[in-house]
2 protein chains.
Amino acid sequence: MSNTSVRSIRRGDLARATGCNLETIRYYEKIGIMPDPPRSTKGYRSYDNAHVKRLKFVMRSRDLGFSLEEVRGLLGLVDDRSRTCADVQLIAEDHLTDVQAKIADLQRIERVLSDTVARCTGDAAPECAVIDALLDA
Amino acid sequence: MSNTSVRSIRRGDLARATGCNLETIRYYEKIGIMPDPPRSTKGYRSYDNAHVKRLKFVMRSRDLGFSLEEVRGLLGLVDDRSRTCADVQLIAEDHLTDVQAKIADLQRIERVLSDTVARCTGDAAPECAVIDALLDA
DNA sequence: CTTGAGCCTGTATCAACTACAGACCTTAGA
DNA sequence: TCTAAGGTCTGTAGTTGATACAGGCTCAAG
């Protein structure tokens with residue numbers, strides 16, 4: 001069962017293969033999230049399946065809201081043969097806590113905002129419940 | 001009923017009066033969210049009650065997640081004698097929609113993340129459900 | 001041989017702040 | 001009166017996570 005082996009692709013191909021923006025790949029390489037790939041004689045970067053896989057990992061992590069520093073931590077654990085499930089769980093649980101806090105924050109905002117907007121008449125009058133709420137402590 | 005009238009305070013006092021970071025005030029002045037205040041002969045900025053009120057408005061708006069551009073819009077409407085409740089409602093409702101979308105996004109993330117973390121054994125084994133989820137498409 | 005696409009590099013921009021350096025001013029205490 | 005501490009002034013750089021653009025090479029098709 002040989003899976004589709006990509007021998008040597010260029011940055012644009014990697015972008016297409018992953019759906020990641022080309023400039024973003026460049027940025028990830030600059031900050032060390034992605035490795036500096038080998039170069040052709042003419043200086044063109046050459047990527048392979050391992051790069052595709054790693055970049056997809058990064059993208060899925062980002063999609064789940066992990067910061068690039070958290071992704072860096074996760075990548076370190078992926079590479080580390082001695083990592084344990086507990087190590088990973090720690091990062092993921094921390095992040096989950098962050099996400100839950102953000103949700104709570106936004107829900108508070110949503111309540112205040114929708115309550116206030118609901119008091120709007122929405123007509124041509126200069127009085128407005130939203131402005132009043134923002135002006136008054 | 002004379003309310004506490006602040007005749008002339010300096011930037012540090014404005015910061016203390018509002019709880020806003022001093023550098024943030026400076027930034028707001030730079031980008032025009034707050035006006036350039038008058039200066040003393042020695043070049044010290046001098047603020048009054050109107051500045052305190054405006055800055056508090058900005059801070060409450062930011063706290064409710066309005067972007068600085070949205071705040072700019074709201075401030076324009078506060079100042080504008082011809083503004084209507086409908087004008088303000090439009091901005092607030094747009095923002096409310098944004099907030100609701102963000103909540104939905106984070107809730108999706110929260111589900112995936114907590115489901116995945118729940119499958120962690122949390123032990124010293126190298127197999128980890130989180131890593132697996134991030135590695136597999 | 002030319003044209004266009006793709007790649008290379010460096011640099012700038014965005015939001016919304018925050019931080020720091022070096023110079024000046026003001027005020028309280030000795 | 002002198003001095004030391006603290007506030008204020010200015011300009012500038014750094015943060016996160018990208019995105020955009022300019023100017024120069026190279027490569028493949030027609």
Side-chain angles (χ1 to χ4, degrees), chain A residues 8-34 36-48 51 54-75 94-95 98-99 102 105-106 109, chain B residues 8-34 36-47 51 54-55 57-75 94-95 98-99 102 105-106 109:
Chain A
S8 176
I9 60 176
R10 291 187 299 175
R11 210 190 243 164
D13 301 315
L14 178 59
R16 267 181 299 280
T18 57
C20 185
N21 186 303
L22 190 104
E23 298 276 15
T24 304
I25 297 171
R26 201 186 154 203
Y27 172 68
Y28 287 167
E29 286 168 8
K30 189 174 138 208
I31 65 168
I33 285 285
M34 290 293 290
D36 273 354
R39 304 290 188 107
S40 75
T41 38
K42 284 294 173 193
Y44 283 21
R45 287 172 182 78
S46 111
Y47 302 89
D48 61 20
H51 295 100
R54 188 181 178 95
L55 183 50
K56 282 188 175 172
F57 180 96
V58 172
M59 290 171 76
R60 272 191 291 271
S61 304
R62 292 288 301 129
D63 193 49
L64 286 179
F66 286 97
S67 72
L68 284 176
E69 280 319 295
E70 288 172 323
V71 174
R72 212 187 284 278
L74 289 170
L75 282 169
D94 267 11
H95 178 54
D98 281 0
V99 168
K102 271 183 202 152
D105 257 23
L106 285 172
I109 290 170
Chain B
S8 175
I9 60 176
R10 292 187 297 176
R11 210 189 244 164
D13 301 315
L14 179 59
R16 266 181 300 279
T18 56
C20 185
N21 186 305
L22 190 104
E23 297 276 14
T24 304
I25 298 172
R26 200 185 154 203
Y27 172 68
Y28 286 166
E29 286 168 9
K30 189 174 139 207
I31 64 168
I33 285 285
M34 290 293 289
D36 275 355
R39 304 290 187 109
S40 75
T41 38
K42 283 294 173 195
Y44 282 22
R45 288 171 182 78
S46 110
Y47 301 89
H51 295 100
R54 187 181 179 93
L55 183 51
F57 180 95
V58 173
M59 290 172 76
R60 271 191 293 270
S61 304
R62 293 287 303 127
D63 193 48
L64 286 179
F66 285 97
S67 71
L68 284 177
E69 281 319 295
E70 287 171 323
V71 174
R72 211 187 285 279
L74 290 170
L75 282 168
D94 267 11
H95 178 53
D98 282 1
V99 169
K102 270 182 204 152
D105 254 27
L106 284 172
I109 290 170

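Just so it is clear: chains get the letters A, B, ... in the order the sequence lines come, proteins before strands, and each one is counted from 1.
- Counting non-hydrogen atoms under 4.0 angstrom, A/Arg39 reaches the backbone sugars and phosphates but no base.
- Per the geometry, CD1 belonging to A/Ile25 stands 14 Å off P belonging to C/dT9, to the nearest Å.
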A/Arg16 vs A/Asp13, salt bridge (charged side-chain N to carboxylate O under 4.0 Å, His left out): CA-CA, chis, key distance, verdict: CA-CA 5 Å; A/Arg16 267 181 299 280; A/Asp13 301 315; 3.1 Å; yes
Criterion side chain to side chain contact (heavy atoms under 4.5 Å, CB included) on B/Leu68 and B/Tyr27, from CA distance to verdict: CA-CA 11 Å; B/Leu68 284 177; B/Tyr27 172 68; 3.7 Å; yes
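- For the pair B/Leu68 CG and C/dC14 C1', the computed distance is 12 Å after rounding to whole Å.
- Note: NZ (A/Lys42) to P (C/dC8) measures 14 Å, nearest angstrom.
- Ion pairing between B/Glu29 and B/Arg26 fails under the 4.0 Å rule for side-chain N and carboxylate O.
- Residue side chain B/Glu23 reaches the base of C/dC20 through a donor-acceptor N/O pair under 3.5 Å, judged by distance alone.
- Phosphate contact (OP1/OP2 of D/dA18, side-chain N/O of A/Tyr28, threshold under 4.0 Å): present.
- Rounding to whole angstrom units, OH of residue B/Tyr47 and C1' of D/dG7 are separated by 13 Å.
- The CD1 atom of B/Ile31 sits 12 Å away from the P atom of C/dT18 (whole-angstrom rounding).
- Summarising the geometry, the separation between CG on A/Leu14 and C1' on C/dG6 is reported as 15 Å, rounded to the nearest angstrom.
- Taking the side chain as every heavy atom from C-beta outward, B/Ile9 and B/His51 never approach each other to under 4.5 Å.
- When the side-chain nitrogen and oxygen atoms of A/Arg11 are compared with OP1 and OP2 of C/dC7, none of them lie within a distance under 4.0 Å.
- Nearest-nucleotide assignment on DNA chain C puts the 5′-proximal partner with B/Phe66, out of B/Arg10 and B/Phe66.
- Within the structure, every side-chain polar atom (N or O) of A/Arg45 is placed at least 4.0 Å from both OP1 and OP2 of C/dC7.
- Between B/Arg26 and C/dC20 there is no side-chain polar atom (N or O) within less than 4.0 angstrom of OP1 or OP2.
- Ion pairing between a basic and an acidic side chain is recognised when a charged N comes within 4.0 Å of a carboxylate O; A/Lys102 and A/Asp105 show no such pairing.
- To the nearest angstrom, P of C/dA12 lies 12 Å from NZ of A/Lys30.
- Between the P atom of C/dA5 and the CG atom of A/Asp13 lies a distance of 16 Å, rounded to the nearest Å.
- Distances shown here put a side-chain N or O of A/Arg62 below 4.0 Å from the OP1 or OP2 atom of D/dA18.
- At least one side-chain nitrogen or oxygen of B/Thr24 sits closer than 4.0 Å to the OP1 or OP2 atom of C/dT18.
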